[in-house]
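Sequence positions, counted from 1, serve as the residue numbers for this chain.
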Amino acid sequence: MMVSMSKLGQVVVVRVGGRAFRTSRGRREWAEWVAWQLEDAGYRVLIQAWDFVPGSDWMLGMQQGVSHPRRMIALLSDSYLRSVYGRQEWRAVLAADADGFSRKLLPVRIEDCERPGMLRTVVDFDIYDLAPEATRDHLLRQVGHSLSGRVKLTTAPEFPVRHRSTPPIAEPAFPPPADSN
């Protein structure tokens, strides 16, 4: 399943499981759910299930989606990671952003699965095992972080030194006494 997303000029392609149009049950639902959440948040989304209509060239669409998007979200599952097309897609996007500075590839785990090879070095996040609203919030927050390039706190962090629960027994001398040696 392929999805492409754009907000403020940002584009993302999302792909899940198996051959085109032959995703295992549940994977297509994940792609459509993610695409819906992104569109609902104001992103422009291209998704294979919705936008590759009869008469369109799905291979050309996949090739353009992988070579032209600003971002690609790969919805990771065991079936996606075994997929020949899936490997070709994430490898092509990774090659186009070998140093990762553009964050073109955004792996999102939709089930507990091990990332192979070079995919292990790309920071991912999980959206499985969360309540629907928490999943949506987490997805949109993480996509936003990827687009902005950093995760800065919105408020100042607390001072890192713990406060003493009791005052010192005696105040230290200041300045310290000179050495008598």
Side-chain angles (χ1 to χ4, degrees), residues 1-53 56 58-59 61-94 96-97 100 102-116 119-120 122-151:
M1 198 56 49
M2 182 149 92
V3 180
S4 205
M5 172 190 81
S6 143
K7 182 176 187 176
L8 304 172
Q10 304 298 328
V11 176
V12 176
V13 173
V14 179
R15 172 87 172 121
V16 298
R19 288 183 50 186
F21 301 108
R22 293 189 185 202
T23 60
S24 54
R25 189 84 178 131
R27 308 303 178 252
R28 179 178 176 149
E29 288 84 356
W30 267 113
E32 290 181 349
W33 186 87
V34 166
W36 185 275
Q37 302 312 311
L38 295 172
E39 280 196 351
D40 194 48
Y43 293 93
R44 185 179 52 107
V45 176
L46 170 69
I47 178 170
Q48 181 179 339
W50 300 342
D51 299 310
F52 287 23
V53 297
S56 62
W58 69 267
M59 185 58 89
M62 286 173 44
Q63 191 268 329
Q64 288 179 335
V66 170
S67 58
H68 298 299
R70 299 280 304 272
R71 301 283 189 279
M72 174 179 161
I73 294 176
L75 295 177
L76 303 183
S77 66
D78 285 327
S79 65
Y80 174 79
L81 295 171
R82 286 190 308 267
S83 164
V84 173
Y85 292 122
R87 281 193 304 271
Q88 289 175 344
E89 289 165 358
W90 70 258
R91 286 177 179 162
V93 174
L94 196 57
D97 184 29
S102 296
R103 296 167 313 283
K104 284 184 173 258
L105 180 61
L106 180 56
V108 178
R109 293 187 333 148
I110 60 172
E111 67 183 35
D112 189 11
C113 56
E114 290 294 319
R115 295 174 295 145
L119 193 53
R120 286 186 196 129
V122 182
V123 177
D124 67 358
F125 66 94
D126 299 342
I127 60 171
Y128 63 92
D129 287 342
L130 297 172
E133 194 60 34
T135 303
R136 179 185 191 282
D137 293 345
H138 187 59
L139 169 71
L140 296 177
R141 191 172 40 256
Q142 295 303 318
V143 167
H145 294 328
S146 178
L147 295 176
S148 73
R150 74 190 303 213
V151 184

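Counting heavy atoms of neighbouring residues, nucleotides and ligands inside a 6.0 Å radius, atom CH2 of W33 exceeds 12 of them.
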Working for side chain to side chain contact (heavy atoms under 4.5 Å, CB included), residues L76 and L81: CA-CA 7 Å; L76 303 183; L81 295 171; 3.9 Å; yes

Take I73 and L38 through the test side chain to side chain contact (heavy atoms under 4.5 Å, CB included) and record every step on the way to the result. CA-CA 11 Å; I73 294 176; L38 295 172; 4.1 Å; yes

Trace of the side chain to side chain contact (heavy atoms under 4.5 Å, CB included) decision for L106 with V123: CA-CA 8 Å; L106 180 56; V123 177; over 6 Å; no

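Remark: D126 pairs with R109 by the side chain to side chain donor-acceptor pair (under 3.5 Å) rule, at least two apart or across chains. Under the rule for a side chain to side chain donor-acceptor pair (under 3.5 Å), R87 has no partner lying at least two apart in sequence or in another chain. When the ring-ring contact (aromatic ring centres under 6.0 Å, His included) test is applied to H145, no partner is found at least two apart in sequence or on another chain.
If you take OG on S77 and CG on D112, they are separated by 12.0 Å, rounding to the nearest 0.5 Å. Between the CZ atom of R28 and the CG atom of L75 there is a distance of 14.0 Å, given to the nearest 0.5 Å. For the atom pair OG (S56) and CG (D51), the distance works out to 9.0 Å, reported to the nearest 0.5 Å. One distance of note links CZ of R71 with OH of Y43; it measures 10.0 Å at 0.5 Å rounding. Atom NZ of residue K104 and atom CG of residue L94 lie 11.5 Å apart, to the nearest 0.5 angstrom. Separation of atoms CG (L119) and CD (E114) is listed at 11.0 Å; rounding is to 0.5 Å.
Using a 4.5 Å cut-off on side-chain heavy atoms (C-beta onward), W90 and P116 make contact. Between F125 and R141, every side-chain heavy-atom pair lies at or beyond the 4.5 Å cut-off. Here the side chains of Y85 and Y80 are not in contact, with every heavy-atom distance at 4.5 Å or above.
When all heavy atoms of Y128 and I110 are compared, the closest pair comes out as CB-O, 3.3 Å. Closest approach of D78 to E111, counting heavy atoms only: N-OE2, 2.8 Å.
No donor-acceptor pair under 3.5 Å is formed between the side chain of S83 and the backbone N or O of S79. Not one N or O on the side chain of S146 forms a donor-acceptor pair closer than 3.5 Å with the backbone of Q142.
Salt bridge annotation for D97-R103: absent, with no cationic side-chain nitrogen under 4.0 angstrom from a carboxylate oxygen.
If you run side-chain contact (heavy atoms from CB on, under 4.5 Å) between R136 and each of I127, D40, V34, only D40 comes through.
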